[in-house]
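Structure record follows, encoded as structure tokens.
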Amino acid sequence: MVVKKIYDRLLKEYGYQGWWPLIGYDGVNVTKTGSINGYHPGEYDFPRNDDEKFEIICGALLTQNTSWVNVEKALINLKEAGLLGMREIAGGDIEKIKECIKPAGYYNQKGERLKILAEYFWGLGGRVPSRNELLMLKGVGPETADSILLYAYGVSSFVVDSYTRRIVEGLKLIEKGRSYGEIKRFFEAGLGKVGSGERGVGSGEVVDGGGGEKSIDFKIYQEFHALLARHAKRFYLGNKNGEGDFLREIVSV
DNA sequence: AACCAGGACGTGA
DNA sequence: TCACGTCATGGT
């Protein structure tokens with residue numbers, strides 16, 4: 001119940017966030033970025049092609065412990081070098097790739113891992129991967145796997161990131177130090193059983209949720225995660241540790 | 001000028 | 001399992 005109330009409150013406060021951010025491209029130049037020109041709020045039919053799908057996958061890897069503005073620079077470099085695609089990364093020069101993604105940091109390991117992803121997803125041929133399959137890839141941990149499932153494939157698998165953790169710990173909804181999976185299940189159970197959705201399916205790890213409740217689709221999951229990120233940037237970024245967070249009033253009932 | 005950013009991996013208890 | 005060091009650039 002608390003979970004749903006938090007979602008409703010955040011949506012009312014911030015509106016649709018339009019994640020996952022995608023770069024705009026007119027065929028020659030990058031025309032827009034998520035951080036500058038906004039995302040695609042209220043639209044959930046993304047990604048619309050393989051290039052957009054792979055861009056999300058790359059972003060999910062590149063943003064590991066890295067701010068999104070730096071990731072955008074890397075993505076733009078790749079795009080303008082004609083390298084932002086499965087075939088291009090898989091067959092591209094590793095040194096050139098590393099040079100492009102330098103702004104996103106950890107460019108040596110991220111470069112190698114981008115190649116692994118490109119080869120893997122190219123070999124998939126459009127099939128939807130399972131969560132465990134993704135976790136076997138070097139460089140793909142729980143958050144990256146869930147981000148790929150949720151935003152690249154429209155699979156209802158809740159994404160937990162450092163923002164999410166800070167909020168639930170700050171609100172004392174979950175004691176500090178709990179595992180990724182526990183926080184993930186907290187939200188998924190709170191939202192109810194995963195069911196309908198035009199794309200993808202449930203993560204396979206979600207159980208019941210109360211029975212007979214209306215099914216939740218991937219759009220809520222996408223929106224919720226984006227809202228939590230937006231909210232955390234406002235109240236939990238840096239050293240400010242949730243001071244003034246209006247969610248406290250909702251929780252303490 | 002430290003500190004942090006939309007983590008994950010390898011290692012050693 | 002779990003804590004800890006490592007990977008790296010850019011913004012505040």
Side-chain angles (χ1 to χ4, degrees), chain A residues 10 14 16-23 33-36 38-41 46-47 55-78 94-117 120 129 131-152 157-170 175-184 187 221-243:
Chain A
L10 290 177
Y14 302 110
Y16 298 126
Q17 299 301 299
W19 274 38
W20 186 279
L22 286 164
I23 287 175
T33 69
S35 63
I36 296 175
Y39 302 168
H40 43 85
F46 292 87
E55 182 182 326
I56 294 173
I57 292 166
C58 288
L61 181 100
L62 291 173
T63 198
Q64 290 170 2
N65 204 36
T66 303
S67 60
W68 184 254
V69 286
N70 287 347
V71 175
E72 278 188 338
K73 290 172 186 168
L75 290 173
I76 289 169
N77 288 341
L78 287 172
I94 184 64
E95 293 308 320
K96 203 170 295 181
I97 294 169
K98 288 180 180 177
E99 191 61 31
C100 286
I101 66 172
K102 246 181 187 172
Y106 310 110
Y107 59 89
N108 284 308
Q109 25 174 311
K110 283 180 178 175
E112 307 286 346
R113 292 167 187 182
L114 273 187
K115 281 210 148 233
I116 295 175
L117 290 183
Y120 173 75
R131 189 171 192 269
N132 284 331
E133 273 182 287
L134 294 176
L135 289 173
M136 294 177 64
L137 300 170
K138 182 169 297 183
V140 177
E143 184 192 334
T144 308
D146 288 330
S147 294
I148 291 172
L149 286 171
L150 181 58
Y151 290 104
S157 192
F158 203 88
V159 178
V160 176
D161 61 5
S162 61
Y163 289 151
T164 315
R165 176 178 291 276
R166 273 177 251 177
I167 290 178
V168 292
E169 289 181 350
E175 52 184 316
K176 300 188 85 173
R178 307 290 30 180
S179 71
Y180 181 99
E182 289 179 87
I183 300 178
K184 176 182 175 68
F187 280 98
Y221 277 54
Q222 291 188 350
E223 203 60 69
F224 205 166
H225 174 69
L227 287 166
L228 287 168
R230 173 74 177 275
H231 186 68
K233 281 175 186 166
R234 178 174 170 193
F235 292 107
Y236 294 84
L237 201 58
N239 50 10
K240 52 174 182 276
N241 211 358
E243 301 169 45

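Throughout, a chain's letter reflects where its sequence line sits, starting with A, and its residues are numbered from 1. No experiment lies behind these values; they were computed from the predicted model shown.
Counting non-hydrogen atoms under 4.0 angstrom, A/V71 reaches nothing in the nucleic acid. Note on A/K110: nothing from the nucleic acid sits closer than 4.0 angstrom, heavy atoms only. In this structure, A/G105 reaches the bases: a heavy-atom distance under 4.0 Å links it to at least one base atom across the strands shown. As judged by a 4.0 angstrom heavy-atom cut-off over every strand, A/R165 is placed among residues making no nucleic acid contact. Across all strands shown, A/Y106 has heavy atoms under 4.0 Å from base atoms, whether or not it also approaches the sugar-phosphate. Note on A/E143: only backbone sugar-phosphate atoms sit closer than 4.0 angstrom, heavy atoms only; bases stay farther off. Residue A/L62 is out of contact with every strand shown, counting any heavy-atom pair closer than 4.0 Å.
A side-chain N or O of A/Y14 and one of A/R234 form a donor-acceptor pair less than 3.5 Å apart.
For the pair A/W68 CH2 and C/dT12 P, the interatomic distance rounds to 17 Å; values are reported in whole Å. Look at CG on A/D161: it is 15 Å from C1' on B/dA8, rounded to the nearest Å. Atom pair A/Q64:CD and B/dG7:C1' shows a separation of 5 Å (rounding to whole Å applied). Distance A/M136 CE to B/dA8 C1': 16 Å, rounded to the nearest Å. Following rounding to the nearest Å, A/L61 (CG) and B/dA8 (C1') show an atom-to-atom distance of 9 Å. The CG atom of A/N65 sits 15 Å away from the P atom of C/dG10 (whole-angstrom rounding). Atom CG in A/L134 sits roughly 18 Å away from atom P in B/dG7 (whole-Å rounding). One atom, OH of A/Y107, and another, P of B/dA5, lie 23 Å apart when rounded to the nearest Å.
The phosphate of C/dG11 (OP1 or OP2) has a side-chain N or O of A/K73 nearer than 4.0 angstrom. Proximity of A/R178 to the phosphate of C/dC2: no side-chain N or O atom is located under 4.0 Å from OP1 or OP2. In terms of phosphate contacts, A/T144 brings a side-chain nitrogen or oxygen within less than 4.0 Å of OP1 or OP2 of B/dA8. Applying the 4.0 Å criterion to OP1 and OP2 of B/dA5, one finds that A/T63 has every side-chain N and O outside that range.
A cation-pi arrangement is found for A/K102 relative to A/Y107, the charged atom lying closer than 6.0 Å to the ring centre and inside a 45° cone about the ring normal.
The A/N108 side chain lies nearest to C/dA8 when the options are B/dG7, C/dG11, C/dA8. For A/Q109, the listed nucleotide lying nearest its side chain is C/dC7; candidates were C/dC7, B/dC9, B/dA5. The side chain of A/S162 lies closest to B/dG7 when the candidates are C/dA8, B/dA5, B/dG7. Proximity note for A/K138 (side chain, C-beta onward) versus C/dT9, B/dG10, B/dA5: the nearest is B/dG10. Among B/dC9, C/dT9, C/dA8, the nucleotide with an atom closest to any side-chain atom of A/R113 is B/dC9.
Ion pairing between A/E169 and A/R178 fails under the 4.0 Å rule for side-chain N and carboxylate O.
Heavy-atom nearest nucleotides on DNA chain B were determined for A/V140 and for A/R166, and the one closer to the 5' end corresponds to A/R166. Between A/N70 and A/L137, it is A/N70 whose nearest contact on DNA chain B lies nearer the 5' terminus.
Classification of the A/W19-A/H225 ring pair by plane angle, with boundaries at 30° and 60°, yields perpendicular.
Nucleotides C/dG5 and B/dC3 place their P atoms 15 Å apart, quoted to the nearest Å.
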> Does the pair A/F158 and A/F224 meet the rule for a ring-ring contact (aromatic ring centres under 6.0 Å, His included), with working shown?
Replying inline: CA-CA 9 Å; A/F158 203 88; A/F224 205 166; 5.6 Å; yes
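Listed for the A/Y180 side chain is a donor-acceptor partner under 3.5 Å among the backbone atoms of A/V160.
The two atoms that bring A/G170 and A/Y236 nearest to each other are CA-CE2, 4.2 Å, heavy atoms only.
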